[in-house]
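Encoded as C-alpha cells, the structure appears first; notes follow it.
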2 protein chains.
Amino acid sequence: LARREDLIHKRIAAIVSGGSPRDGEVFIGDDAAILLPPVAPLVMSTDVCVEGVHLDLTLFTVHDLGYKAVMSAASDIAAMGADLTYIVVAVSAPPGADLEALHEGIALAAREAGGLVVGGDVSTGPVIQVAVTVVGSAPAGGALRRNAARVGDYLVVTGPLGAAAAGLRLRRDGASASDPSCRAQAHPQARLRQGAAAVRAGARAGMDLSDGLGIDLHRLADASGVGFEIADVPVASGATDAEAWSGGEDYELLLAVSDLAALRNEFHLAGCDEPLVIGRVAPAGVRELRGRTVDVEGWLHQF
Amino acid sequence: LARREDLIHKRIAAIVSGGSPRDGEVFIGDDAAILLPPVAPLVMSTDVCVEGVHLDLTLFTVHDLGYKAVMSAASDIAAMGADLTYIVVAVSAPPGADLEALHEGIALAAREAGGLVVGGDVSTGPVIQVAVTVVGSAPAGGALRRNAARVGDYLVVTGPLGAAAAGLRLRRDGASASDPSCRAQAHPQARLRQGAAAVRAGARAGMDLSDGLGIDLHRLADASGVGFEIADVPVASGATDAEAWSGGEDYELLLAVSDLAALRNEFHLAGCDEPLVIGRVAPAGVRELRGRTVDVEGWLHQF
C-alpha cells in the first residue's frame with residue numbers, strides 16, 4: 001500500500017516520541033492523545049514560528065527552526081513559573097522540505113525543556129511553519145502573572161539582553177552559526193528553571209521577553225496598572241544598547257519581586273546565573289529609562 | 001502609544017472570548033492560560049488548516065476558513081467520544097488579511113462545538129493558516145480507539161458521505177455557497193454528540209473520516225490488526241460514489257460496534273440521525289468493497 005503520508009507520519013513519530021505513556025495514556029497514533037489528569041492547574045499556550053518571519057532559513061537551518069519553535073513556546077510556560085509537560089506540534093511545509101531535520105530540532109528542544117511530544121499534524125503549505133502548543137503544570141506557589149507587579153518591586157531580568165538580535169546581525173555579516181550570539185538567535189533557551197526558582201522565592205509577577213524590553217515592560221506595566229523606572233539595561237556580549245533594549249527574542253524572564261535576597265538565593269540553589277536588577281516598579285504614569293520617558297520600542301508584526 | 005499589534009490582539013480576544021474563567025483560572029491575556037485541572041483524563045490534538053490547501057479562498061470566505069479549522073480539530077475530540085473543553089489558536093496571515101472575520105469564524109465554531117478559546121497567537125505569514133489545538137475530557141466509558149475494532153463488529157458511519165467533496169466541485173461549477181454540499185465543504189460539523197453516544201452504547205472503536213473512507217478504513221484496520229468487508233457506502237445527496245468513497249473532509253465518524261441496537265438507541269436518545277451500517281470487521285488480510293479487494297484511495301498531502 002502506497003501511503004507516503006502515513007509513512008512520513010510514522011517516521012516523524014519515531015523522531016519526536018520520547019518517554020513512555022503511563023497506564024491509560026496514549027501519545028501519538030490515534031485521533032488524539034489521552035493524558036492522565038494532572039493534580040495542579042494546567043498552564044497552556046500556543047505559538048507559531050514562521051520561516052522568514054521568526055527565522056531566516058538562508059542564514060539558519062530547518063533544524064534550528066524546529067528547535068526555536070518549541071523553545072519559544074516553552075518560554076511561555078517558563079514565564080508562568082510552571083513546569084512543561086506536554087507538547088503538540090502542527091507543521092506545514094512545501095514539498096521537498098526536510099521534515100526529518102525539522103522534527104529532529106523539535107525533538108531536541110522538547111527533550112531539553114523537559115516536555116513530551118504527544119501529538120502533531122503535518123500539512124502542505126507555502127513555507128515552513130511550526131505551531132507549537134505547550135501544556136504545563138502550574139507551580140504550587142501560584143503562577144507568575146503580568147498583572148501582579150507592585151510599586152516598589154525590583155525589576156529583574158534573568159540575563160543580559162540583545163544576544164538574539166546581535167546574532168541575526170552578525171550572521172548576516174558572515175559570522176559562523178556557532179558564534180554564541182548566532183546560537184542565541186537560532187537556539188533560544190526557555191528559562192524554566194529561573195521561572196520555577198522565582199516562584200519559590202515568592203515572586204508573583206513576571207513574563208518572558210519575546211518582543212524586547214522596550215515593548216514588554218509596557219505590557220507588564222499596563223497589565224499591573226503601574227509604571228517603571230529603569231536604571232540599567234544589561235547588554236549581552238557582542239550586542240548593542242539598542243539591541244538589548246528592543247531587539248527581542250532573548251526569552252529571558254522579566255520579574256517584579258519584593259524580596260531580592262530570596263530571589264538570589266533560590267537562583268543560586270537552582271544553579272542559575274544571578275538575576276540582574278534593571279530598576280524598580282514605579283507608580284502608574286512613570287515610564288522612564290535612565291530618567292527619560294520612553295515610548296514603545298521593539299519588534300511588532302505588521303498587519 | 002502606537003501598539004497596533006497589541007490592539008489587534010485585544011480586538012481578537014474580544015471576538016473569541018466566551019465563558020467566564022472559574023476562580024483561579026485565566027484565559028486570554030497573560031503568557032499562558034491557567035486552567036483548573038480536570039477530573040477525567042485529557043484528550044488533546046492539534047490540526048492545521050491552510051488557505052489554498054484545506055479551503056480555497058477564491059470560492060469560500062476567510063470566516064469559513066476559521067470555522068473549518070476549529071471544527072476539523074474538534075472532530076478529533078469527537079473521534080475519541082470525548083467532550084471538547086478548551087481551544088487555543090495560532091494564526092498566521094499576510095498583511096491586509098481580515099483577521100476579524102477569521103476569528104469570528106473561529107469563535108462561531110468554538111461556540112457550536114462547546115469549547116472555550118483560552119489562548120492564541122498571531123503572526124505574519126505568506127498565506128492564512130490556522131493551527132488549532134483542542135483539549136477535551138475523556139468519556140467515563142473510555143475513549144474510542146483506532147486499535148479496538150474486533151472481527152465481527154459492525155462498521156457504521158454517522159451519516160452519508162461525499163458531501164464535502166461534492167460541495168467543492170459544485171462551488172467550482174458556480175453553485176451558491178449556501179448550497180448544502182457547499183456548506184458541508186466550508187462548515188463541516190464535528191460529530192461530538194455521536195461520539196459520546198457511541199461510548200454510552202458500549203462502542204470502543206472509532207475515528208473520524210477526515211481523508212475519506214477509502215483511506216481511513218485502512219487506518220482503522222491497520223491499527224486494530226483486522227480487515228473489513230464493506231457492503232454499502234451511503235452517498236450524500238448531490239455526491240458521486242467516488243466522492244463518498246474517497247472525497248474526504250466529511251468528518252462523519254467511522255465506528256466499529258458489536259451491539260447495533262444499543263448504538264441506535266443511544267443515537268435516538270441523543271437526537272442524532274440513525275447510524276448507517278456499511279459492513280463488518282473481517283479477519284486481517286480481507287479488505288473488500290462489495291466483494292472486491294481495495295487499495296488505499298483518498299486525499300493525501302504530497303511531500
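For the numbers below, each heavy atom of this structure counts, side chains included, while hydrogens, waters and symmetry mates do not.
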Subject >> Worked check of side chain to side chain contact (heavy atoms under 4.5 Å, CB included) between B:Leu42 and A:Leu42 >> reply: CA-CA 11 Å; B:Leu42 297 176; A:Leu42 297 176; 4.3 Å; yes
With a 4.5 Å cut-off on heavy-atom pairs, point out which of [options] contacts chain A the most.
options                              : value
B:Gln129, B:Met207, B:Glu51, B:Glu25 : B:Gln129
B:Pro37, B:Ser45, B:Pro41, B:Gly206  : B:Pro37
B:Val48, B:Leu36, B:Val118           : B:Val48
B:Gly136, B:Pro38, B:Cys49, B:Gly24  : B:Pro38

Original post:
Any sub-3.5 Å donor-acceptor pair from B:Asp30's side-chain atoms to A:Arg146's backbone N or O?
Top reply: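 Yes, the answer is positive, given that a donor and an acceptor are paired below the 3.5 Å cut-off.
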Could you tell me which portion of [X] (side chain, backbone, both or neither) has an atom closer than 4.5 angstrom to a non-hydrogen atom of chain B?
X        : result
A:Val43  : both
A:Val132 : neither
A:Ala40  : backbone
A:Met80  : side chain
A:Val89  : backbone

**OP:** Kindly indicate, with the supporting measurements, whether the criterion side chain to side chain contact (heavy atoms under 4.5 Å, CB included) is fulfilled by A:His218 and B:Asp6.
**Re:** CA-CA 11 Å; A:His218 290 277; B:Asp6 285 356; over 6 Å; no
**OP:** Go through B:Arg145 and A:Ile34 one step at a time and tell me if the side chain to side chain contact (heavy atoms under 4.5 Å, CB included) criterion holds.
**Re:** CA-CA 10 Å; B:Arg145 299 293 313 280; A:Ile34 304 175; 3.9 Å; yes
Original post:
Picking from A:Asp47, A:Leu144, A:Val135, which has the most non-hydrogen pairs under 4.5 angstrom with chain B?
Top reply: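 Most heavy-atom pairs within the cutoff with chain B belong to A:Asp47.
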Spatial distance of atom [atom1] ([X]) from atom [atom2] ([Y]) [nearest 0.5 Å]:
X        : Y        : atom1 : atom2 : value
A:Asp31  : B:Asp208 : CG    : CG    : 5.0 Å
B:Met44  : A:Met44  : CE    : CE    : 5.0 Å
A:Asp121 : B:Thr46  : CG    : OG1   : 6.5 Å

**OP:** Of all the heavy-atom pairs spanning B:Thr133 and A:Thr133, show the shortest one and how long it is.
**Re:**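 Where B:Thr133 meets A:Thr133 most closely, the heavy atoms are OG1-OG1, 2.6 Å.
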Original post:
Given that the side chain runs from C-beta out, which part of B:Val91 has a heavy atom under 4.5 Å from chain A: side chain, backbone, both or neither?
Top reply: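 Backbone only.
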